[in-house]
Protein chains: 2
Amino acid sequence: MDKDSKNKSKNKNSPVTIKDIARMAGVSITTVSHALSGERYVKEETRQKILKIIKDNNYKPNIIARSLSKKTTRILGVILPDINNYIYTKILKGIEEETAREDYILIISSTYFDDNVETNQIERLNTLFVDGLLFIGGTKDIKHIIKANVRDLPVVLVRRPVEDSGYPKILVDNKKAIIEAVNFLLDLGHEKIGYIGGVDDQDKISIDKYNGYIKGLENNKIRPDSKNIFLKKGIMQDSHKESYDMINNYLKTNNKIDMTALICKTDYIALGALDAFQRNNLVIPGDLSILGFGNLDISEHSNPKLSTISIPFEQMGNTAAKILIESITNKKVKKETILFDTTILQRKSTQKLRMSFKS
Amino acid sequence: MDKDSKNKSKNKNSPVTIKDIARMAGVSITTVSHALSGERYVKEETRQKILKIIKDNNYKPNIIARSLSKKTTRILGVILPDINNYIYTKILKGIEEETAREDYILIISSTYFDDNVETNQIERLNTLFVDGLLFIGGTKDIKHIIKANVRDLPVVLVRRPVEDSGYPKILVDNKKAIIEAVNFLLDLGHEKIGYIGGVDDQDKISIDKYNGYIKGLENNKIRPDSKNIFLKKGIMQDSHKESYDMINNYLKTNNKIDMTALICKTDYIALGALDAFQRNNLVIPGDLSILGFGNLDISEHSNPKLSTISIPFEQMGNTAAKILIESITNKKVKKETILFDTTILQRKSTQKLRMSFKS
DNA sequence: CTGTTAGCGCTTTCAG
DNA sequence: CTGAAAGCGCTAACAG
């Protein structure tokens with residue numbers, strides 16, 4: 001029994017270890033380990049004694065050592081395109097909630113849509129022995145992910161528009177969302193319903209949304225009216241401005257509108273359109289109901305407040321984390337795709353059609 | 001020499017280790033270790049050989065093992081109130097940039113302004129042996145941080161409004177910012193400059209800003225005009241709406257304004273005010289110049305686009321990370337406070353006074 | 001019910 | 001210029 005064992009733990013920079021606890025409790029480190037993990041039975045009396053000593057000395061197991069020994073870290077890697085994007089942080093919050101409960105730690109890193117960065121980060125996280133990988137958003141391609149994932153880590157994809165992945169995916173049903181939006185507007189009495197947004201072959205979301213619009217009308221035996229469809233080929237870059245310009249140009253040449261409601265591919269587009277209409281002295285929602293998509297925080301600050309289709313980002317993140325943790329513990333990865341429904345958030349930019357007869 | 005050493009590394013789930021590399025290269029693991037770290041000289045020839053084998057076998061050192069041995073992880077803990085807040089993620093981006101360059105890994109967690117959660121997370125990160133802690137935002141109190149920081153980890157505070165901390169702090173000079181804003185407006189010809197925002201004894205930022213306003217005027221021998229000062233005692237909760245109401249009520253009872261420029265404590269407040277003025281048929285910036293504070297992404301989407309005071313969040317995060325890493329490597333922590341300057345972003349909601357004579 | 005001991009994969013003396 | 005071996009703090013057979 002060495003003599004200076006007691007003062008040792010007083011040093012701030014060398015925390016007390018399992019060995020110290022064992023010594024103080026007069027048991028082996030094995031017993032301490034088991035008292036903590038419950039892996040095997042420890043006599044209640046000694047267990048209590050150990051626990052007390054642990055508490056008194058503020059002992060915390062060294063997770064690094066545990067990880068090395070157990071080959072598992074309870075760390076999850078989250079890879080997303082841009083930490084500054086509200087969509088991803090919403091999803092992140094849902095993930096955080098679940099992982100905190102399950103006592104996992106999160107390592108988050110941004111790729112800025114660069115697949116090479118993504119590859120590097122996967123390798124990096126691999127060497128850190130994360131227990132699983134969560135991808136939020138990102139490019140359509142995942143070949144590099146599969147290739148870089150040497151250890152065959154469990155992976156879950158959230159809101160990543162890949163065709164066929166081999167990994168479980170959490171997505172939103174955009175087509176269904178817009179079909180519902182059409183029905184929603186029809187219920188308010190609207191029949192002349194327009195659509196504005198970009199459509200790009202490479203962007204499945206944009207196609208789903210547009211198809212939802214067409215399908216929604218067809219379901220109700222309404223034929224789309226091309227003059228109320230504002231389409232931009234490709235992806236809108238500065239969508240707020242582009243949308244403003246499209247509507248503004250239209251109004252300058254046509255002087256009036258022949259629709260009573262407009263579905264917008266995103267909130268930004270909706271806000272741009274809203275602005276253009278108002279600048280041209282149309283009253284929203286009196287003359288036209290406008291519906292956005294996404295429920296960005298900014299859509300709460302328009303005037304009138306934007307009605308929009310809200311996406312359950314947090315819930316999606318939550319589910320993603322659940323599935324990931326599940327597949328870490330159960331080892332058998334389910335490769336199913338989970339589709340989340342959206343909700344229509346009725347604020348002030350939409351209203352019943354007949355109410356507009358006042359003017 | 002055992003016979004099946006070669007196939008072993010082919011197993012996907014048991015990555016190749018330093019031992020494997022050593023065996024393949026016919027050297028000791030010590031040599032491999034040093035070839036990698038450069039800690040001591042290794043004959044160039046063997047070094048190249050080792051490096052090639054490492055590359056061919058895609059060997060990555062196990063960071064967990066390294067950490068256990070070196071008692072340092074190259075992991076940094078970042079604690080912030082809310083991952084969904086644009087301000088924090090901006091700062092985060094600056095941090096990320098620096099830490100990525102320096103090859104540190106980030107563990108990020110949100111507290112939602114709960115000091116207990118914060119305490120837990122510090123302890124958690126402690127057991128994970130992070131090398132340093134970065135606090136973004138949060139409450140005024142840091143006693144629990146000091147208490148929980150058993151290992152005396154290097155700490156840097158960003159945008160946390162504490163009085164005296166003992167930790168290096170990265171802050172913004174709010175008072176100076178508003179003084180500059182006053183000067184900026186004066187340069188545009190404005191003399192009747194108003195102010196709108198909350199003021200709370202407990203909120204140093206709000207006080208600094210208001211004082212900056214008063215001081216800015218005084219510096220130019222202008223006496224503040226109380227009817228142009230819209231103050232709310234305490235913190236504004238729904239600032240956009242509250243601001244809208246304050247202005248709207250004022251206009252309903254006064255019918256006109258007696259100022260030509262208005263400084264707003266935040267962009268949200270500015271946007272609410274902007275809305276109220278426009279609803280009451282005032283032209284911005286024709287009748288009134290409006291200046292926000294913070295440069296939220298949303299302020300780009302108003303009409304007119306909001307002129308605002310921009311805070312160098314990314315730079316602040318960057319510097320914070322630099323200082324933290326510095327104090328990790330140098331061990332001697334500088335406790336200085338670093339004050340960052342702001343920039344006035346002139347967009348469309350402010351203009352020269354005389355231009356408004358057109359109406 | 002408990003202890004001994006061999007690792008986990010790496011770094012780092014110490015020794016040559 | 002290079003190796004052997006101890007050790008980081010913990011877990012988990014194996015042994016009683």
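Order of the sequence lines fixes the chain letters, A, B, ..., with proteins taken first and strands second; residue numbering starts at 1 for each chain.
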Check: B:S67 near the nucleic acid: base, sugar-phosphate alone, or nothing, with a heavy-atom cut-off under 4.0 Å?
Finding: nothing

Item checked: Distance, rounded to the nearest Å, where B:I21 contributes CD1 and D:dT2 contributes P -> 17 Å

Next item on the list: Tell me what B:T17 touches on the nucleic acid: a base, only sugar-phosphate, or nothing, going by heavy atoms under 4.0 Å.
Entry: sugar-phosphate

Margin query: Can you measure B:I29 atom CD1 to D:dG7 atom P for me and round it to whole angstrom units?
Written below: 15 Å

Note to self: Judged by each residue's nearest nucleotide on DNA chain D, which is more toward the 5′ side, A:H34 or B:S69?
What the structure shows: B:S69

Margin query: Please report the distance, rounded to the nearest Å, between NZ in A:K19 and C1' in D:dT11.
Written below: 15 Å

Next item on the list: Please state whether the base of D:dG7 and the side chain of B:R66 form at least one donor-acceptor pair under 3.5 Å?
Entry: no

Next item on the list: Drop me the distance from A:K49's NZ to A:T31's OG1, to the nearest 0.5 angstrom.
Entry: 11.5 Å

Margin query: From CD1 of B:I63 over to C1' of D:dC8, roughly how many Å is that when rounded to an integer?
Written below: 17 Å

Item checked: Contact interval (first through last nucleotide) of DNA chain C with protein chain A, 4.0 Å heavy-atom -> C:dC1 to C:dG9

Item checked: Electrostatic pair A:K93:A:E96 at N-O distance under 4.0 angstrom -> no

Item checked: Separation of D:dG3 C1' from B:E39 CD (nearest whole Å) -> 17 Å

Note to self: Suppose we call a contact any N or O donor and acceptor under 3.5 Å apart; does that hold for the side chain of A:T30 and the base of D:dA12?
What the structure shows: yes

Note to self: Which is more 5' along DNA chain C, the nucleotide nearest A:Y41 or the one nearest B:Y59? Just name the residue.
What the structure shows: A:Y41

Notebook entry, point to check: In whole Å, what is the span from the CD1 atom of A:I18 to the P atom of D:dA12?
Noted result: 11 Å

Notebook entry, point to check: Would you say B:D20's side chain and B:T17's backbone share a donor-acceptor pair under 3.5 angstrom?
Noted result: yes

Next item on the list: Indicate yes or no for a side-chain donor-acceptor contact from A:T329 to the backbone of A:I325 under 3.5 Å, with no hydrogens or angles considered.
Entry: yes

Item checked: Side-chain H-bond candidate by donor/acceptor type, B:R160 with B:T139, under 3.5 Å -> yes

Checklist line | Nearest-nucleotide pick for A:P61, side chain only, options being D:dG9, D:dC10, D:dT2 | finding: D:dC10

Margin query: Given 3.5 Å as the limit, does a donor-acceptor pair link the side chain of B:T119 with the main chain of B:H144, or not?
Written below: no

Next item on the list: State whether A:S33 places a side-chain N or O below 4.0 Å from either non-bridging phosphate oxygen (OP1 or OP2) of D:dT11.
Entry: yes

Next item on the list: Quick one: label A:S37 by what it contacts on the DNA or RNA (base, sugar-phosphate, nothing), any heavy atom closer than 4.0 Å.
Entry: nothing

Check: Given atom NZ of B:K43 and atom P of D:dG3, what is their separation to the nearest angstrom?
Finding: 10 Å

Notebook entry, point to check: Is B:D103 salt-bridged to A:R124, going by a charged N under 4.0 Å from an acidic O?
Noted result: yes

